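Have a look at the structure below before the remarks.
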Amino acid sequence: MLEKFRSTRFDPDQFKGQFILTAERRNIPENWSVYEYKSWRLFTLSLHVIDVFDQDKKWLGWCIGHPIVDGILHPKNIILKCPGKFFDIFSVNDFYNRAAGKWILFLVNEEIQKTFLDPYASLSMVFSTVEKTLASTTTLLGDGYKWNEELIKALGLPQNNSWVPAGLTTRINIRRLLPNHTLSLSDWKISRHWPGTNTDLSEDFNTIDSIKTISKSIQSNIGAVCKAYPVTFSLTAGRDSRMLLACARNYLSNATFFTFVSAKDTPDKEISSLIAKRFNLTHTFLPTEKASPDELEQWLKLTGMSVSGSIWKIHKTIKNLDPSRVLLPGMAGEIGRAFYWRPGDSFEKQLSAKNLLKRFDLPLHFQLINAIEDWMSEITFLNTFSLLDLAYVEQRLGCWAAPQHYGNTTSTFELTMFNTRPIIDSLMRLPSNYRRKQQLATDICEFAWPELLEFPFNEFVGVKGFIFSKGRQMKKLAKEIIHRTIHD
């Protein structure tokens with residue numbers, strides 16, 4: 001259990017890519033960069049800090065992280081375009097439509113004191129409910145917060161493949177800010193800013209234009225990073241890595257590729273090797289490595305004790321990545337692939353908090369049920385498919401994927417190319433039947449690099465592929481039966 005990994009001693013200088021924003025006078029790292037405005041002090045380690053202004057050049061606050069704004073990575077400053085004399089949410093919505101990458105807006109001037117996260121909160125943030133402090137992880141808020149022992153036990157942390165959803169954390173009086181929510185720094189209240197009742201998430205049947213928009217946006221984001229840094233991608237037999245490869249076609253001279261492998265023969269190993277040879281990619285296999293007890297403890301500290309299971313046990317493999325390169329993972333592509341949808345779902349199907357927790361493979365503990373019910377109460381205006389998509393963005397990506405990013409202290413930094421409001425909006429509006437058929441990756445490859453479709457997704461080739469495919473079909477059918485009879 002978690003007790004054996006609970007040492008409160010840690011070196012803040014190992015927390016690469018992390019931050020603290022505080023009006024308090026405690027838990028201050030000595031060797032980090034510091035920025036001050038009145039009572040607020042912002043501490044960062046290996047993060048860009050960019051001043052934010054309105055269109056009249058009035059200072060509004062800071063943007064931290066690795067933002068791509070108007071096609072430029074790490075711009076010198078950021079302008080929020082305010083249609084009126086004063087700041088309003090339209091300014092932020094405009095920024096969401098112009099921005100990609102990993103970032104947080106800290107707006108802390110006299111008129112506005114709020115914080116906004118990137119679309120899936122890939123630069124994850126937690127905050128204290130009893131003191132004026134925000135940070136990247138619970139670890140950096142210090143050891144003065146009791147463990148939520150009951151929740152930890154229910155989730156089976158850290159051995160089980162689980163995570164802490166719905167804004168909860170493993171610490172009492174520490175909350176996680178979910179994607180699409182803002183935290184007021186004046187009264188410490190949370191509110192949802194997207195989607196709203198007027199947000200159009202209806203199906204867009206013009207899939208040709210949607211694919212072009214998504215593909216060109218990903219291509220632009222990759223190009224923005226490649227102008228400043230060499231990059232590396234994961235290469236598997238899956239759809240997300242194939243979509244990124246297709247969109248990276250014009251930047252291969254600046255890119256390398258890797259595949260995590262074990263002793264077992266897998267489609268990832270075979271297909272990545274075939275693709276790399278066919279297109280002369282700079283590619284390497286990285287054998288998975290098990291972490292030592294000390295390394296397991298360190299990773300839990302870096303990620304704030306919020307994610308566990310298999311990824312925790314083999315995270316050491318990441319240390320074999322090239323530290324001079326930016327890692328561009330395929331996170332968020334699953335939004336276009338009906339990730340949490342199940343057979344029998346429809347636009348009108350009624351879902352409960354318990355139903356969602358079962359789909360997350362998380363326990364039906366009362367703390368989790370109550371938190372998910374509170375989350376669902378904000379979005380009663382959504383149809384079932386949009387709700388499930390948002391559950392993937394805000395619960396899976398925001399609470400599972402995002403904290404893991406802090407565990408990668410090897411890469412220069414990492415960015416997800418799907419993580420923009422326009423892309424996520426387009427993915428959520430793809431027709432339901434289109435997404436059930438897993439058509440997205442095929443069409444993006446067809447648009448950007450058709451030859452990549454010579455190789456199957458997630459299957460071996462030849463006779464072995466035929467046998468493997470039949471086995472997958474049987475497993476899929478069995479899984480659907482289980483979901484129909486038990487989960488729903």
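No experiment lies behind these values; they were computed from the predicted model shown.
Annotation: the span from Y434 atom OH to F205 atom CZ amounts to 13.0 Å, rounded to 0.5 Å. Note: I211 CD1 to D443 CG = 5.0 Å, rounded to the nearest 0.5 Å. Here R242 contributes atom CZ and I271 contributes atom CD1; the two are 6.5 Å apart, rounded to the nearest 0.5 Å. Note that CD1 of I372 is 11.0 Å distant from CG of L364, once rounded to the nearest 0.5 Å. Note: I444 CD1 to L440 CG = 4.0 Å, rounded to the nearest 0.5 Å. Distance check: S432 OG to F385 CZ gives 5.0 Å after rounding to the nearest 0.5 Å.
Between L21 and L185 there is a side-chain heavy-atom pair separated by less than 4.5 Å. Side-chain contact between I104 and F19 is present, with heavy atoms from C-beta onward closer than 4.5 Å. Within the 4.5 Å cutoff, the side chain of D118 has no heavy atoms near those of the T420 side chain.
Checked by atom type and distance alone, the side chain of Q350 never pairs as donor or acceptor with a backbone atom of T384 at under 3.5 Å. Side-chain N or O atoms of N254 include one that pairs as donor or acceptor with a backbone N or O of C226 at under 3.5 Å. A distance-only check finds a donor-acceptor pair linking the side chain of T22 to the backbone of K132 [under 3.5 Å]. For S377 (side chain) and D374 (main-chain N/O), a donor-acceptor pair under 3.5 Å exists by modelled atom type. In this structure a side-chain-to-backbone donor-acceptor pair under 3.5 Å is present from T182 to T115. Under the 3.5 Å distance criterion, the side-chain polar atoms of W312 are matched with a main-chain donor or acceptor of L296. Looking at S306, its side chain does come within 3.5 Å of a backbone N or O of T303 through a donor-acceptor pair.
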Derivation of the side chain to side chain contact (heavy atoms under 4.5 Å, CB included) call for W62 and L42: CA-CA 9 Å; W62 302 288; L42 171 65; 3.8 Å; yes

L415/L327 under side chain to side chain contact (heavy atoms under 4.5 Å, CB included): CA gap, chis, key distance, verdict: CA-CA 7 Å; L415 298 179; L327 173 62; over 6 Å; no

Verdict with reasoning, N408 to S411, per side-chain hydrogen bond (donor to acceptor under 3.5 Å, both in side chains): CA-CA 7 Å; N408 178 9; S411 301; 3.0 Å; yes

Stepwise side chain to side chain contact (heavy atoms under 4.5 Å, CB included) check, K114 with F116: CA-CA 7 Å; K114 290 188 176 182; F116 295 88; 3.9 Å; yes

Derivation of the side-chain hydrogen bond (donor to acceptor under 3.5 Å, both in side chains) call for H66 and H48: CA-CA 6 Å; H66 305 286; H48 282 247; 4.7 Å; no

Audit row: H181, E378, side-chain hydrogen bond (donor to acceptor under 3.5 Å, both in side chains) steps and yes/no: CA-CA 11 Å; H181 290 72; E378 303 174 347; 2.9 Å; yes

Stepwise salt bridge (charged side-chain N to carboxylate O under 4.0 Å, His left out) check, E394 with R192: CA-CA 11 Å; E394 298 186 5; R192 174 178 291 279; 2.7 Å; yes

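Note on E203 versus R435: no salt bridge recorded, every NZ/NE/NH1/NH2 to OD/OE distance being 4.0 Å or above. The pair K153-E149 does not meet the salt-bridge criterion, since no charged nitrogen lies less than 4.0 angstrom from a carboxylate oxygen. Residues R337 and D240 are paired through a salt bridge, judged by an N-O separation under 4.0 Å between the basic side chain and the carboxylate. Classification of D425 and R421 as a salt-bridged pair fails, no side-chain N sitting under 4.0 Å from a carboxylate O. A salt bridge links R98 and D70; the closest N-O separation between the charged side-chain nitrogens and carboxylate oxygens is under 4.0 Å.
Judged purely by distance below 3.5 Å, without hydrogens or angles, the side chains of S162 and N160 never pair a donor atom with an acceptor atom. When only modelled atom types and interatomic distance are considered, T256 and T232 share a side-chain donor-acceptor pair under 3.5 Å. For the 3.5 Å distance criterion, the side chains of N180 and Y120 fail to qualify, holding no donor opposite an acceptor. Looking at W341 and D389, their side chains do bring a donor and an acceptor atom within 3.5 Å of each other. T416 and S122 share no donor-acceptor pair across their side chains, judged by distance under 3.5 Å alone. Counted by atom type alone, H365 and E150 present one or more donor-acceptor pairs between their side chains at under 3.5 Å. A donor atom on one side chain and an acceptor atom on the other are not found under 3.5 Å apart for E348 and N383. Donor-acceptor pairing under 3.5 Å is recorded for the side chains of T137 and Q18. Using modelled atom types and a 3.5 Å distance limit, the side chains of N206 and D209 yield a donor-acceptor pair. Checking T266 against D268 by side-chain atom types alone, no donor-acceptor pair falls below 3.5 Å. Side chains of Q439 and N433: no donor on one and acceptor on the other come within 3.5 Å. E334 and Y392 share a side-chain donor-acceptor pair at under 3.5 Å. Using a 3.5 Å distance cut-off with no hydrogens or angles, the side chains of D94 and S91 do not pair a donor with an acceptor. For S184 and D187, the side-chain atoms include at least one donor-acceptor pair closer than 3.5 Å.
Partner E414 forms a side chain to side chain donor-acceptor pair (under 3.5 Å) with one of H405, R325, Q404 and no other, that one being H405.
Considering all non-hydrogen atoms of both residues, L357 and P363 come closest at CD1-O, 3.8 Å. Minimum interatomic distance between A402 and A121 (heavy atoms only, all atoms of both residues): CB-O, 3.0 Å. Looking at every heavy atom in both residues, T317 comes nearest to E289 through OG1-N, 2.9 Å. The shortest non-hydrogen separation linking L141 to L134 is CD2-C, 4.5 Å. Residues S272 and F285 share a closest heavy-atom pair of OG-CE2, 3.5 Å. Residues Y406 and G17 come closest through the heavy atom pair CE2-O, 3.4 Å.
Shown here are the salt bridge (Lys or Arg N to Asp or Glu O under 4.0 Å) partners of R396, two or more places apart in sequence or in another chain: there are none. Y145 pairs by the side-chain hydrogen bond (donor to acceptor under 3.5 Å, both in side chains) definition with S128, E131, not counting sequence neighbours.
Using a 30° and 60° split on the angle between ring planes, Y340 and F360 fall in the tilted class, from 30° to 60°. Between F10 and F15, the two ring planes are tilted [angle within 30° to 60°].
In summary, the aromatic rings of F95 and W103 are positioned with their centroids under 6.0 Å apart. Under the 6.0 Å cut-off for aromatic ring centres, H283 and F258 do not qualify, their centroids lying 6.0 Å or more apart.
Remark: K212 NZ is loosely packed, at most 12 non-hydrogen atoms of other residues, nucleotides or ligands lying under 6.0 Å away.
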